[in-house]
Amino acid sequence: MGDLLWIFVSAAVVNNFTLALFLGLCPFMGVSGRVATALRMGLANIFVLTITSLCAWALNTYVLEHAPYLRLISFIVVIASLVQITEMAIKKLSPALFDALGIFLPLITTNCAILGLAIFQTNRGYGLFEGLAFALGAGAGLTLALVLMASIRESSELADVPDMARGTSLVLIIAGSLSLAFMGFAGLLSST
Amino acid sequence: MNLPRLIVSASPHLGGPVSTPTIMWNVVGSLLPIVAASVWFFGPSALAVLAAATAGALVPERLFGRRGAPGDGSAVITGLLLGLTLPPGLPLWMAFLGGAFGIVFGKLVFGGLGQNVFNPALLGRAFLQAAFPVALTTWPVPGQDAAALLSTNLTAPLMSVDLADTITSATPLGLMKFEGTLTDVPALLFGTTGGCLGETSALLILICGGYLALRRFLDWRIPVSIFATVAVLATALHLVDGERYPGALFMLFSGGLVLGAMYMATDMVTSPSTRRGAWIFGAGIGVLVVVIRLWGGLAEGVMYAILLMNALVPFIDRITRPRVFGTVPTVPAEARP
């Protein structure tokens, strides 16, 4: 239990996918303009990461035992198609949920954070529950980073930013500052 | 016909006697005793590091800032506060770089004073900590040979630092964390311990910050809430496992907590604008400080705790937004009488 908690905290803050490992930067830059959108993007991320973790675990355990060289391609294909199928199912079964997550789901299936999660999980030899804790932690961390970034961007919307720093460059500078701040979590819980 | 002259101008029409430069220069003035104490403890190299950090903050502010921007005193505060968080033997070019980084990336890119998200001094400090981790965690002992410290100060840019003649020691927090020994509280209060320039004498910083709080140039809720949170958490943990966790007094007066709580967390720009927000902000810093100090990989977490809560300030402001005057809060239908 403590192990699972450690995996969760580590993935959420200490090795935050966006701010410490610099994965998933495209949604972080692109969809962080508004807090409401960022939150939905984060939730969609948690959803896809969880599916990814399940897929990677199932593929590693049952399919790829004797063909590890097919790992990368099968991760990509299986995860992307499963997310697509899920998206269609959600569209049919729960229009409200589809409205909240729908458009973001296909956008993030080919994100580096998703593939990164599958590869990390494989390399560290996580089992089913460890993988799920890892995926939930990574998703929570991504959501945290997205919402923080969005609230900062909303608050500095009216700031008198010099021309050369407008737009993406300001976002990158804020991201760097956030990343510096998150360095404070380095080594958290590692001694216990 | 003699009509009265009408002057048309935009509001506000009444000005108070307290302006931004008044507040800023008052803060600078209240920092001077702390600066004097650091010079007393560490000799002329303290003054050199503080001057280099302040120069680093002032140069870009003058070059790229608004016209007359250095005159409002805010860059001087940034430089002095950054200098106070640095070890006394630090090469001067690093101190200068830290000040310049803090002002450029912490403040100028956001459009100058009043619009930054992160405290510029702490951002400069965090940058230096990430770029030069060894130089930033080498803590000379107070009251040693001034010439040895000065020679490390004058290391040329990008050259390695020669520490042969310097007597260094771990900070009280480092001793607690890595060797399990506690420093006496009186030594922490009066400042006869190893550490950075401004984290030595807790008592003096409390007095200087208290002056600002009395003049209402800082929000007393923030330091009070930080101290209370740290005290409560430290006491609770100490009662659970007295061997492993130090008591509240040690946690309060060691490291940069007093300086951070009094001077850095209370930066008007980067702290919440509502009273409720100030309490939440302080409590968050307190919790993060305790978590990073006791369970983190670093000995000191005040800087990171404040930066992390700075990032949360827009969010805190959003959830503590007060009711607009004259409107009625919307109550769900089933809750109405």
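Convention: sequence-line order gives letters A, B, ...; per-chain numbering from 1.
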Query raised in the report: Are Arg318(B) and Glu154(A) close enough that some pair of their side-chain heavy atoms sits under 4.5 Å apart?
Result: yes
Query raised in the report: Phe110(B) versus chain A, heavy atoms under 4.5 Å apart: side chain, backbone, both or neither?
Result: both
Query raised in the report: Are more than 12 heavy atoms from other residues, nucleotides or ligands located less than 6.0 Å from atom CD1 of Ile73(A)?
Result: no
Report task. Quick one: closest heavy-atom pair of Ala159(A) and Gln115(B), and the distance? Result -> CA-NE2, 3.6 Å
**Report entry** Exceeds 12 heavy-atom contacts within 6.0 angstrom, atom CZ of Arg166(A)
**Finding:** yes
Query raised in the report: Does CZ in Arg71(A) sit with more than 12 non-hydrogen atoms of other residues, nucleotides or ligands closer than 6.0 Å?
Result: yes
Report summary line: Heavy atoms of Ile292(B) and Gly184(A) approach each other most closely as CG2-O, 3.7 Å
Query raised in the report: Given side chains that start at C-beta, do those of Phe185(A) and Leu308(B) come closer than 4.5 Å, heavy atoms only?
Result: yes
Query raised in the report: Between Ala165(A) and chain B, which part of the residue has a heavy atom less than 4.5 Å away: side chain, backbone, both or neither?
Result: side chain
**Report entry** Contact class of Leu178(A) relative to chain B, heavy atoms under 4.5 angstrom
**Finding:** both
Query raised in the report: Under a 4.5 Å cut-off applied to non-hydrogen side-chain atoms, are Leu170(A) and Val109(B) in contact?
Result: yes
Query - Atom CZ of Arg124(A): over 12 foreign heavy atoms under 6.0 Å - result: yes
**Report entry** Part of Phe127(B) within contact of chain A (heavy atom distance under 4.5 Å)
**Finding:** both
Query raised in the report: Does any pair with a residue in residues 66-96 of chain A pass ring pair (Phe, Tyr, Trp, His ring centres under 6.0 Å), and if so which ones, sequence neighbours excluded?
Result: none
Query raised in the report: Considering only heavy atoms, which portion of Ile173(A) lies under 4.5 Å from any heavy atom of chain B: side chain, backbone, both, or neither?
Result: side chain
Query - Contact class of Ser151(A) relative to chain B, heavy atoms under 4.5 angstrom - result: both
Query raised in the report: With a 4.5 angstrom heavy-atom cut-off, which part of Leu288(B) approaches chain A: side chain, backbone, both or neither?
Result: side chain
Report summary line: By side chain to side chain contact (heavy atoms under 4.5 Å, CB included), Val269(B) pairs with (sequence neighbours left out) Leu113(B), Asn116(B), Asp267(B)
Requested in this report: Calculate, to the nearest 0.5 Å, the distance between atoms CE and CG belonging to Met303(B) and Leu180(A) respectively.
Outcome: 8.5 Å
Query raised in the report: Heavy-atom distance under 4.5 Å to chain B: side chain of Val147(A), backbone, both or neither?
Result: side chain
Requested in this report: Decide yes or no for Ile174(A) and Val117(B): does some side-chain heavy atom of the first lie under 4.5 Å from some side-chain heavy atom of the second?
Outcome: no
